[in-house]
Amino acid sequence: MSGREILHKMKEKVGLGSSTDSGKGKSKMSKRITHGYNLVKGKSNHPMEDYVVAEFKQVDDKELGLFAIFDGHLSHIIPDYLRSNLFENILKEPDFWTEPEKAIRRAYQITDTNILDKAVDLGRGGSTAVTAILINCQKLVVANVGDSRAVVSRKGSARQLSVDHEPSTERENIENRGGFVSNFPGDVPRVDGQLAVARAFGDKSLKGHLSSEPDVAVEMVDDDTDCIILGSDGLWKVMPNQEAADIVMNIKDARSAAKRLTEEALNRKSADDISCIVVKFH
């Protein structure tokens, strides 16, 4: 097999060789909880820059639902690195089970430092992230940097759990670090006129003006919880939170629900990579 053929096989294995990818699974602890995901490559000429994690994992006598979307910019290598390493770093934290919010914050910072230290190998660019950890089907801990988003639906009412880290809303912090926010070139505010998010992993050339500090939210799951939706900005640029919750409400299969959201985003002319994870609780 030639080097080119081997590279193509490797790309297929990590989801770079096709325009779509999907999958599904379910909890062993509660058969009522299922998940599904769907990814669609955007119209750009570069490789797919979105990566997902969606799995239930047994850790001793506990179960963790691990869900994440990593949306790269100027890089598919860094979001792939995050897919392989971020949850591992979180679970290494000794106080994860007692203080998961604190452990997640520290692991985000450690992971970003590792990415910056490996910049020669990982290259330029960076990635946003939204992660959701479901602990024993009861406690949900969501964290994010950037504009990938997590939304929970309770009794049909959608509520955003993550924070969109936009340069316009974090202008003061960026300027205090010596950076600036500009709409030129283009039509959206960007850090130093380059990056349209105020927080991200990587981006070594901008790191002095950027943050990798996540916002963290904790949500208890109960009988009122319908679903959680995680999506990259390719979904949320064209769809309000409540509309996404309404679309998936009556679709029983979680993968079909995620696929329906990506299809609707395409119908609304989203040109970006689109990634979506749906976790259903009934």
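Predicted, not measured: the structure shown is a model, and the values here were computed from it. In what follows, every heavy atom counts, from backbone to side chain, and hydrogens, waters and symmetry copies are set aside.
Scanning for salt bridge (charged side-chain N to carboxylate O under 4.0 Å, His left out) contacts around Asp112 gives Lys207, with sequence neighbours left out. Applying the side chain to side chain donor-acceptor pair (under 3.5 Å) test to Ser211 and every residue at least two apart in sequence or in another chain returns nothing. For Arg260, the salt bridge (charged side-chain N to carboxylate O under 4.0 Å, His left out) partners are Glu264, not counting sequence neighbours. Scanning for ring pair (Phe, Tyr, Trp, His ring centres under 6.0 Å) contacts around Phe56 gives His35, Phe67, with sequence neighbours left out. Applying the salt bridge (charged side-chain N to carboxylate O under 4.0 Å, His left out) criterion to Glu55, with sequence neighbours excluded, gives no partner residue. By the salt bridge (charged side-chain N to carboxylate O under 4.0 Å, His left out) test, Asp95 pairs with Arg106, sequence neighbours left out.
With no hydrogens or angles considered, a side-chain donor-acceptor pair links Gln242 and Asp246 at under 3.5 Å.
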Pairs under 3.5 angstrom only: tabulate donor-acceptor contacts from the side chains of residues 227-239 to other protein residues two or more places apart or in another chain.
| residue | atom | partner | partner atom | Å |
| --- | --- | --- | --- | --- |
| Ser232 | OG | Asp50 | OD2 | 3.1 |
| Ser232 | OG | Asp273 | O | 3.4 |
| Ser232 | OG | Ser275 | N | 3.0 |
| Asp233 | OD2 | Lys237 | NZ | 3.3 |
| Trp236 | NE1 | Gly231 | O | 3.0 |

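Other members of a hydrophobic cluster containing Val120 are absent, since no ILVMFWY side chain comes under 4.5 Å of it, directly or through relayed contacts. Through chains of ILVMFWY side-chain contacts below 4.5 Å, Val197 is grouped with Ile174, Val181, Val191, Leu195, Leu206, Leu210.
Residues Tyr37 and Ile69 have side chains not in contact (no heavy-atom distance under 4.5 Å, counting atoms from C-beta outward). The shortest side-chain heavy-atom distance between Lys259 and Ser22 does not fall under the 4.5 Å cut-off. Contact check for Tyr81 versus Lys118: side-chain heavy atoms found under the 4.5 Å cut-off. The shortest distance between side-chain heavy atoms of Lys62 and Asp60 does not fall below 4.5 Å.
With Ser153 as the fixed residue, the side-chain contact (heavy atoms from CB on, under 4.5 Å) test singles out one of Asp224, Val248, Asp226: Asp226.
Pairs of residues two or more places apart, or lying in two chains, never qualify as ring-ring contact (aromatic ring centres under 6.0 Å, His included) while including a residue from residues 123-144. Applying the side chain to side chain donor-acceptor pair (under 3.5 Å) test to residues at least two apart or on different chains, the pairs with a partner in residues 166-185 are Glu170-Arg199. For the side chain to side chain donor-acceptor pair (under 3.5 Å) condition, the pairs that include at least one residue of residues 127-150, sequence neighbours left out, are Tyr108-Thr131, Thr128-Ser148, Arg149-Gln160, Arg149-Asp164, Arg149-Asn241.
A salt bridge does not link Glu101 with Arg105: every distance from a Lys NZ or Arg NE/NH1/NH2 to an Asp or Glu carboxylate oxygen is 4.0 Å or more.
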